[in-house]
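Let me begin by handing over the structure; questions about it come next.
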Amino acid sequence: MSATNRTCHLLGVWNPSYEADAMEAHLEVLLRHARAHRAEASDDEDVYVWWGKVRSSNRQQPMAHLDQILALDELLGDGSEHELHLYLTDYRSLYVAHVAEITSGNVLDDDEDDHVPAYYREAALSCDCWFRLFDIRRVVADDTLAVIAELKKLRNAHYHDRPVSLYGGMVDLPLLVWRKDDLRWFDADLRKRYTNGRFWAEFDAEQGGNAAMQGELRDHRFGPSLWGALDPAARSFVATAEQIFRAHHRDAAFDLSPVAVNLSRALELQVNRLLRTGLAKAPPILRMHNVEGRSCDLASGANWTLGTLADAIDGDAERVAWLNEHLRKGRWFTGSLPAVLRMVSHVRNAAAHTEAVPREEVVRLRAQLVGVGCVGALVELAGVG
């Protein structure tokens with residue numbers, strides 16, 4: 001484990017030379033079981049896939065730190081709220097998986113074929129250990145520069161807790177890693193709110209066509225650093241909104257409401273994440289806020305609506321002072337952002353109730369958030385931290 005006593009996770013690499021379609025194969029299995037679950041043909045706990053740590057044919061000795069990897073399984077007992085992550089990359093893309101179990105046994109001998117991609121058996125691959133994965137989220141698609149930026153957020157516990165680099169330290173895989181923000185990628189409330197309860201693998205499959213737009217927004221609107229500061233799901237929502245807008249904004253008959261909905265989701269998700277960060281170490285009295293008659297902890301992990309967020313951010317002078325001091329660009333966050341949140345909330349509420357949002361409102365909202373003729377609020381928000 002790390003000398004820092006941080007919660008460790010794992011980082012692995014799949015080798016395109018003999019696992020060319022590894023991610024696609026695992027996602028196919030996961031999505032197949034997710035479809036069966038949607039059709040009420042299986043339980044929620046039946047949705048999983050096994051990922052094997054393939055042993056190189058050139059290595060004869062046991063994996064050096066296998067005991068440390070297997071020890072992580074002890075964190076995953078019944079009722080555990082701990083999220084153990086397996087980050088997976090081929091250097092072009094990056095995914096994060098929700099680990100349910102780790103074992104050194106051979107799952108191919110345990111009647112688990114329906115949950116294991118066929119290529120393991122077909123290629124007679126030998127594995128040091130296996131990871132049972134509940135879900136897989138795409139963090140970066142087909143963008144090595146973005147992978148490099150994301151991996152820098154992980155610290156290598158066996159390399160003096162230094163940031164992970166593709167150009168050094170990628171030995172003795174999977175690496176034991178941790179991250180300062182200890183991000184919960186698979187929070188149940190987050191999934192319920194932003195994917196309508198679907199698995200992230202299902203959500204990503206539906207959003208799969210916006211990788212090029214994400215690259216365009218990164219390079220020509222936000223810049224690499226600010227784009228990378230946004231939550232991956234927020235990036236996907238922004239890119240989806242931009243795709244829809246650019247494809248249909250000249251079609252007067254097309255309803256642009258989905259543009260407003262996707263941008264508002266991105267805004268809400270990112271503000272919730274930043275408010276939790278800003279209040280994480282605040283005194284309890286500053287964390288509590290009245291939400292519909294109940295006293296709620298704003299840093300509890302719940303995902304608040306845009307209107308609640310606006311009231312929480314600027315509704316208490318002491319909380320404003322705390323956020324000003326403990327967030328980078330805190331004064332913009334507490335001063336300018338609440339008005340934006342209330343404006344977007346008004347538009348989103350109309351769209352959520354199946355009302356066609358006037359095109360001029362969507363155009364104005366998109367300009368104000370993404371930044372057309374001004375510095376976009378989402379661009380400003382990416383600089384808060």
Side-chain angles (χ1 to χ4, degrees), residues 9-12 23 26-27 30 83 85-99 133-154 163-164 166 177 179-196 198-219 221-243 261-274 276-277 301 303 369-370 378-379 381-385:
H9 302 282
L10 297 152
L11 169 63
M23 184 55 69
H26 288 81
L27 286 172
L30 194 59
E83 274 193 11
H85 303 145
L86 172 63
Y87 293 86
L88 294 159
T89 185
D90 63 349
Y91 302 152
R92 289 287 303 170
S93 299
L94 177 66
Y95 295 79
V96 59
H98 189 185
V99 180
L133 309 180
F134 278 142
D135 201 358
I136 300 174
R137 282 186 71 175
R138 182 174 59 233
V139 181
V140 176
D142 197 28
D143 190 334
T144 299
L145 291 177
V147 170
I148 291 170
E150 286 293 332
L151 289 184
K152 286 182 179 178
K153 300 174 184 177
L154 303 178
V164 172
L166 290 185
V177 299
R179 53 186 300 153
K180 288 183 177 180
D181 58 9
D182 206 20
L183 186 63
R184 290 180 62 86
W185 290 99
F186 299 95
D187 178 76
D189 183 63
L190 188 76
R191 193 181 72 164
K192 180 180 179 180
R193 186 167 186 83
Y194 296 111
T195 74
N196 295 320
R198 292 166 296 166
F199 292 90
W200 283 104
E202 297 176 280
F203 172 83
D204 288 334
E206 296 171 2
Q207 304 287 322
N210 67 26
M213 180 59 71
Q214 289 203 35
E216 198 279 336
L217 287 166
R218 181 200 67 195
D219 294 338
R221 179 66 63 182
F222 287 77
S225 179
L226 294 180
W227 184 248
L230 293 176
D231 182 273
R235 295 197 296 256
S236 186
F237 285 135
V238 175
T240 297
E242 195 68 4
Q243 273 189 318
V261 170
N262 277 282
L263 287 175
S264 65
R265 286 174 175 170
L267 181 67
E268 182 182 276
L269 195 158
Q270 190 69 16
V271 175
N272 268 296
R273 179 173 165 179
L274 289 168
R276 285 194 293 272
T277 299
N303 292 282
L369 294 185
V370 178
L378 281 166
V379 179
L381 189 63
V384 177

* Asked: What are the two closest heavy atoms between Leu11 and Leu88, and how far apart are they?
  ->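 Shortest heavy-atom contact: CD1-N, 4.5 Å.
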* To do: Nearest 0.5 Å please: distance from the CG atom of Leu183 over to the OG1 atom of Thr277.
  =>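 Leu183 atom CG to Thr277 atom OG1 measures 9.0 Å (nearest 0.5 Å).
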* Asked: Once you round to the nearest 0.5 Å, how far does CD of Glu242 lie from CD of Gln214?
  ->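 Reported value, rounded in 0.5 Å steps: 12.0 Å.
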* Euclidean distance, Ser236 OG relative to Met213 CE, rounded to 0.5 Å -> 12.0 Å
* Asked: Atom CG of Asn303 and atom CZ of Arg191: how far apart are they, to the nearest 0.5 Å?
  ->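 Spacing of CG (Asn303) from CZ (Arg191) equals 13.5 Å.
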* Asked: How would you list, by chain and number, every residue that makes a ring pair (Phe, Tyr, Trp, His ring centres under 6.0 Å) with Phe134, sequence neighbours excluded?
  ->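 In terms of ring pair (Phe, Tyr, Trp, His ring centres under 6.0 Å), with neighbours along the sequence ignored, Phe134 is linked to His98.
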* **With sequence neighbours excluded, residues passing salt bridge (Lys or Arg N to Asp or Glu O under 4.0 Å) with Asp187** =>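 Once residues adjacent in sequence are excluded, the partners of Asp187 under the salt bridge (Lys or Arg N to Asp or Glu O under 4.0 Å) criterion are Arg184.
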* For Asp231, check salt bridge (Lys or Arg N to Asp or Glu O under 4.0 Å) against everything at least two apart and list the hits. => Arg137, Arg273
* Would you say the side chain of Leu267 lies within less than 4.5 Å of the side chain of Leu381, judging by non-hydrogen atoms? ->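 Yes, their side chains come closer than 4.5 Å.
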* Set of residues satisfying salt bridge (Lys or Arg N to Asp or Glu O under 4.0 Å) with respect to Asp142, sequence neighbours excluded -> Arg92
* What residues form a side-chain hydrogen bond (donor to acceptor under 3.5 Å, both in side chains) with Thr240, not counting sequence neighbours? -> Gln207, Asn210
* To do: Report yes or no: does Asp143 contribute a side-chain atom to a donor-acceptor pair with the main-chain N or O of Ser93 at less than 3.5 Å?
  => no
* Structure fact -> By side-chain contact (heavy atoms from CB on, under 4.5 Å), Ala141 pairs with (sequence neighbours left out) Arg138, Ala211
* **Minimum heavy-atom distance between Leu133 and Leu30, given as atom pair plus value** =>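 For Leu133 versus Leu30, the nearest heavy atoms are O-CD1, 4.1 Å.
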* Flag the pair Trp185 / His9 as yes when at least one side-chain heavy-atom distance between them is below 4.5 Å, and no otherwise. => no
* Starting at OH of Tyr87, measure out to CG of Leu94 and round the result to the nearest 0.5 Å. => 8.0 Å
* Rounded to the nearest 0.5 Å, how far does NZ of Lys180 lie from CG of Leu154? ->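 Answer rounded to 0.5 Å: 12.5 Å.
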* Not counting sequence neighbours, which residues clear ring pair (Phe, Tyr, Trp, His ring centres under 6.0 Å) with Phe222? List them please. => Trp227
* Search all heavy atoms of Val139 against all heavy atoms of Pro232 and return the closest pair with its distance. =>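 Looks like CG1-CG, 3.9 Å.
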* side-chain hydrogen bond (donor to acceptor under 3.5 Å, both in side chains) partners for Lys153, two or more places apart -> Glu150
* Compare every heavy atom of Val370 with every heavy atom of Val379, then report the nearest pair and how far apart it is. => CG2-O, 3.7 Å
* All side-chain hydrogen bond (donor to acceptor under 3.5 Å, both in side chains) counterparts of Arg221, not counting sequence neighbours -> none
* To do: Check whether any side-chain heavy atom of Leu166 lies under 4.5 Å from a side-chain heavy atom of Lys152, and answer yes or no.
  => no
* To do: Taking Thr195 for its side chain and Phe203 for its backbone only, find out whether a donor-acceptor pair lies under 3.5 Å.
  => no
* To do: Please identify each residue that fulfils side-chain hydrogen bond (donor to acceptor under 3.5 Å, both in side chains) with Tyr95, with sequence neighbours left out.
  =>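 Partners of Tyr95 under the side-chain hydrogen bond (donor to acceptor under 3.5 Å, both in side chains) test: none.
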* Contacts of type side-chain contact (heavy atoms from CB on, under 4.5 Å), residue Ala266, not counting sequence neighbours ->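 Ala266 satisfies side-chain contact (heavy atoms from CB on, under 4.5 Å) with Ala234, Phe237, Val238 only.
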* To do: State, with a plain yes or no, whether a side-chain heavy atom of Leu378 is found less than 4.5 Å away from one of Leu263.
  => yes
* Asp135 versus Trp200, closest heavy-atom pair with distance ->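 The pair with the smallest heavy-atom distance is OD2-N, 2.7 Å.
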* Just jot down the salt bridge (Lys or Arg N to Asp or Glu O under 4.0 Å) partners of Arg193, sequence neighbours excluded, or say none. => Glu268
* To do: Please name the pair of heavy atoms, one in Gln270 and one in Ala229, separated by the smallest distance, quoted to 0.1 Å.
  => NE2-O, 3.2 Å
